[in-house]
Amino acid sequence: MTHDPEQAKRPVSAALAGPYGHPLHPMLVTVPIGAWVSSLAFDVASLIVDDPGFLTRGSVWLIALGVVGALAAAVVGALDLFAIPSGTRAFRTGLTHMGLNLAVTAAYTVGFFWRRAASDEAGPVGIGPLVLSAAAFVALAVSGYLGGKLAYRYGVRVAAESTQAEGFTA
């Protein structure tokens, strides 16, 4: 059964998810991605420098910022998912994307509390929290690939080509 792909281009709620052709989800995901990538860089750097405490503490708060940003992105991402006709490849891809993102957010939340419970914030990050962050980062990359597939292959929340063509007129 074929569904109307135009349905997935229109927001369920423009006020909450962003207007046609300009969704909020891609803008909001930059916060957790940037924070979590930076936290991993801080973790690795904490193993190299002589005084790693500021990097270890900074990583904890970058993880927290990422979790808060991910929750905001998840709300509007769910609204975008509801616009996709169920039973389609795009919908299944969206569910997988969402599931991975929820698992990644849960992993970083666990990592945050694990780090906060650690007694030595003056030293480098522990191997356990570092491995958890690295694994979550890999899952985040896979999820990002699926998000790109939703937008660039399936055109979810992307304006129709006829609308895009307006940008190429003199």
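For reference, positions follow the sequence shown, starting with 1. In what follows, every heavy atom counts, from backbone to side chain, and hydrogens, waters and symmetry copies are set aside. The shown structure was predicted, so the numbers you read here are calculated from the model rather than taken from an experiment.
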Heavy-atom check, side chain of Leu40 versus side chain of Leu130, under 4.5 Å: yes

field: Closest contact, heavy atoms only, Ile84 versus Thr88
entry: CG2-OG1, 3.7 Å

query: Are Tyr154 and Leu95 connected in a single hydrophobic cluster, I mean Ile/Leu/Val/Met/Phe/Trp/Tyr linked by side-chain heavy atoms less than 4.5 Å apart?
result: yes

field: Donor-acceptor contact present, side-chain Ser38 to main-chain Gly34, <3.5 Å
entry: yes

field: Criterion side-chain hydrogen bond (donor to acceptor under 3.5 Å, both in side chains) on Arg115 and Ser133, from CA distance to verdict
entry: CA-CA 11 Å; Arg115 291 161 188 253; Ser133 285; 3.0 Å; yes

message: With heavy-atom distances below 4.5 Å as the criterion, would you say the side chains of Val37 and Ile33 are in contact?
response: yes

message: Is there a side-chain contact between Arg157 and His22 in this structure, where contact means two heavy atoms from C-beta onward sitting under 4.5 Å apart?
response: no

Beyond-backbone contact of Val44 with Val125, side-chain heavy atoms, under 4.5 angstrom: no

- prompt: With the 4.5 Å side-chain cut-off for hydrophobic clustering, are Val131 and Phe42 part of the same group?
  reply: no

- prompt: Between His97 and His25, what is the ring plane arrangement, given parallel below 30°, perpendicular above 60°, and tilted in between?
  reply: perpendicular

- prompt: Do Leu146 and Phe82 share a hydrophobic cluster, counting only Ile, Leu, Val, Met, Phe, Trp and Tyr and linking them when any side-chain heavy atoms are less than 4.5 Å apart?
  reply: no

- prompt: Knowing that exactly one of Leu102, Val104, Val138, Asn101 qualifies, which makes a side-chain contact (heavy atoms from CB on, under 4.5 Å) with Ser143?
  reply: Asn101

message: Just so I know, are the side chains of Asp43 and Pro124 near enough to count as touching, which here means a heavy-atom distance under 4.5 Å?
response: no

message: Does Trp61 form a side chain to side chain contact (heavy atoms under 4.5 Å, CB included) with Phe112? I'd like the steps, not just the answer.
response: CA-CA 8 Å; Trp61 295 109; Phe112 172 81; 4.0 Å; yes

Pairwise side-chain contact, Pro129 with Leu132, heavy-atom cut-off 4.5 Å (strictly under): no

message: Side chains of Ser86 and Arg92: any donor to acceptor distance under 3.5 Å?
response: no

task: Please say which of Thr96, Asp80, Val156, Leu81 ends up in a side-chain contact (heavy atoms from CB on, under 4.5 Å) with Leu150.
output: Val156

message: Hydrophobic cluster membership, with links at side-chain heavy-atom distances under 4.5 Å among I/L/V/M/F/W/Y: are Leu24 and Leu71 in one?
response: no

- prompt: Crowded around Phe113 CZ? As in, over 12 foreign heavy atoms under 6.0 Å?
  reply: no

statement: Residues Gly69 and Val31: closest non-hydrogen pair is CA-CG1, 4.0 Å

Nearest non-hydrogen partners of Pro26 and Pro23, listed with the distance: CD-O, 3.5 Å

statement: Correct closest heavy-atom pair for Gly123 and Thr56 would be O-OG1, 2.6 Å

- prompt: If only atom types and distance count, is the side chain of Thr169 paired as donor or acceptor with the main-chain N or O of Glu166 below 3.5 Å?
  reply: yes

- request: Determine the minimum heavy-atom distance between Val29 and Pro32, stating which atoms define it.
  value: O-CD, 3.3 Å

query: Quick one: OG1 on Thr93 to OH on Tyr145, what's the gap to the nearest 0.5 Å?
result: 9.5 Å

message: Would the distance check show the side chain of Ser39 and the main-chain N or O of Ser59 forming a donor-acceptor pair, the cut-off being under 3.5 Å?
response: no

message: Using the rule that Ile, Leu, Val, Met, Phe, Trp and Tyr join whenever any side-chain heavy atoms are under 4.5 Å apart, tell me whether Phe54 and Ile63 fall into a single cluster.
response: no

message: What I'd like to find out is whether the side chain of Tyr108 reaches to under 4.5 Å of the side chain of Trp36, using heavy atoms alone.
response: yes

message: Would you say that Val158 contacts Tyr152 through its side chain, given a criterion of any heavy-atom pair below 4.5 Å between the two side chains?
response: no

